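Following: one structure in C-alpha cells, then a few remarks.
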Amino acid sequence: MTMELEYNRDLYGVEHEAGPFEITPELIQTFNRSIGETNAMFTDHATAQAAGYSGVLAPPTLVTMLVRNVELPDIELNFGVMRFHAGQRVQSRAPIVAGDSLMASSHLKEVYPKTGRSGTMVFTVWETTFTNQDGLVVADVQESYASRE
Amino acid sequence: MPDQNGPFFEDVDLGDEIGPIELVATDDNVVNFCELWGNPMPNRFTSQEIAEKSGLFGPIVPGVMSMAIMSQALTDWAGPESLKDLDLVFRQPVPHNKPLLVSATITDTREEDGKNLIECDVLMMGEAGERYVGGTAIIALPSNRGQ
C-alpha cells in the first residue's frame, strides 16, 4: 500500500539562497585543524601554487559545513516526532581554492517513506549547489533527514 | 595530476581493500569543529548532560564531521583532488575519543568521460565492530599508461 504523505509540496522548485561565503586560508586552516588534516595541498600555499592553484585547496567536504547557513523552511510534514540527520552526500564538481567566494542555492529534492524492521521513517532530502565567483558549479551537497514515528 | 604520490588506476582491482585507517575525534577536535560550523555550544556534540537528555550515551561526533574524517582517509590514500562523490548513511552515533576505523572496498573500476574512476563501499567502524557510518565513494585516479 502506498503511503500518502502530507507536507508542503509547493516548496518543490523553490530555491533558497545564501552567501557569499569567503573561502579564506584561515577558514581552510581551521577546518584542517579540527579534523587533523595535514596534506600539503590543503595546508601549504607554496605546494598548492606549485601544483598550479592560486591558493591552498579546500578539502572536499568543507562546503558541507556551509549548508546550515541556508535558511530552509519547515516542510510541514505531518509524520513522526523524532527527526535526525540520516545521511549526507557531497559531489565535487571543480576544485575550491582559498580566495574563492561561493554562493549556495538549496531546494527540496524529495520526500519519501521507507519501511524497515524498526518501522516506517520518512526521509526529507535537501540539495544545495555551490557556485564560485566565476559562476562555475563547484559542489553539490545532499542532506537527508529522517522522521520516525 | 601534480606530484602523484597515491595509487595509479592500473594499480587497483575489484575487491581491493583500503585501510583500515585509524582516526580519533577528540573532545577538542569536536569543539573546534562546532565553533567553525557555527553550531551554538554546549550541544549534544559537546556536552554529556545535553547528550544524555537526547537519549545518547554521551556527546557524539556530528555527521558532518564524520564525513570530513572519512573524506580525509580517502584523500590521504588517493590524493587531495581525487574524491568526486561521497554518499554516506549515518547508522549509529559516533563517540569521541575512541578509535574510528575507516576502510573501503573497491566494487567497480571504469573509464568514464576520459576519467579513470573507482567506486568503493566505505565504512567507519568502532573497535568492537560497531558500524557507525557506511556508504559509497567515487574516486578518480591518474593513469600510468604512457609513462
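Atom set for the values below is all heavy atoms of this structure, side chains included, hydrogens, waters and symmetry mates excluded. Naming convention: chains lettered A, B, ... in sequence-line order (proteins, then strands); numbering from 1 in each chain. Note that the structure is predicted; figures quoted are calculated from it, not measured.
- Within a 6.0 Å sphere centred on CD of B:E111, other residues, nucleotides and ligands contribute more than 12 heavy atoms.
- A:F31 touches chain B through backbone and side chain together, each having a heavy atom under 4.5 Å away.
- Classification of the A:H85-B:F90 ring pair by plane angle, with boundaries at 30° and 60°, yields perpendicular.
- Put simply, CZ on A:R33 and CG on B:N32 are 7.0 Å apart, with the number rounded to the nearest 0.5 Å.
- With rounding to the nearest 0.5 Å, the separation of CD1 in B:I69 from OG in A:S34 is 8.5 Å.
- Within a 6.0 Å radius of CZ in A:R89, other residues, nucleotides and ligands contribute more than 12 heavy atoms.
- Counted within 6.0 Å of CZ on B:R110, heavy atoms from surrounding residues, nucleotides or ligands total more than 12; the atom is thus considered enclosed.
- By number of non-hydrogen pairs under 4.5 angstrom with chain A, the leading residue of B:A25, B:C34, B:G38 is B:G38.
- Surrounding NZ of B:K98 are at most 12 heavy atoms belonging to other residues, nucleotides or ligands under 6.0 Å away.
- At a threshold of 4.5 Å between non-hydrogen side-chain atoms, the residues A:E37 and B:T75 count as touching.
- Applying the 6.0 Å contact sphere to CD of B:E49 captures no more than 12 heavy atoms from other residues, nucleotides or ligands.
- Hydrophobic clustering, with ILVMFWY side chains joined whenever heavy atoms are under 4.5 angstrom apart, keeps B:L88 apart from B:L101.
- Side-chain heavy atoms closer than 4.5 Å link hydrophobic residues (I, L, V, M, F, W, Y) into clusters, and following such links, possibly through other members, connects B:V12 to B:I21.
- For B:A68, the parts lying near chain A are the backbone and the side chain together; criterion is any non-hydrogen pair under 4.5 Å.
- Grouping the Ile, Leu, Val, Met, Phe, Trp and Tyr side chains by contacts below 4.5 angstrom, directly or via other members, places A:V141 with A:L66.
- Between chain A and the residues B:V89, B:L86, B:I138, the most heavy-atom pairs under 4.5 angstrom are made by B:L86.
- Here the side chain of B:Q72 pairs a donor or acceptor atom with the backbone of A:G36 at under 3.5 angstrom.
- Using a 4.5 Å heavy-atom cutoff, the side chains of B:L36 and A:L27 are in contact.
- Looking at B:D76, the atoms closer than 4.5 Å to chain A (heavy atoms on both sides) all sit in the side chain, from C-beta outward.
- Distance check, rounded to the nearest 0.5 Å: CE of B:M70 to OG1 of A:T61 gives 11.5 Å.
- B:L74 and B:M125 end up in different hydrophobic clusters when Ile, Leu, Val, Met, Phe, Trp and Tyr side chains are linked at under 4.5 Å.
- Across every non-hydrogen atom of A:R68 and B:P40, the tightest pair is NH2-CD, 4.2 Å.
- Of the two parts of A:L57, only the side chain, counted from C-beta on, holds a non-hydrogen atom closer than 4.5 Å to a non-hydrogen atom of chain B.
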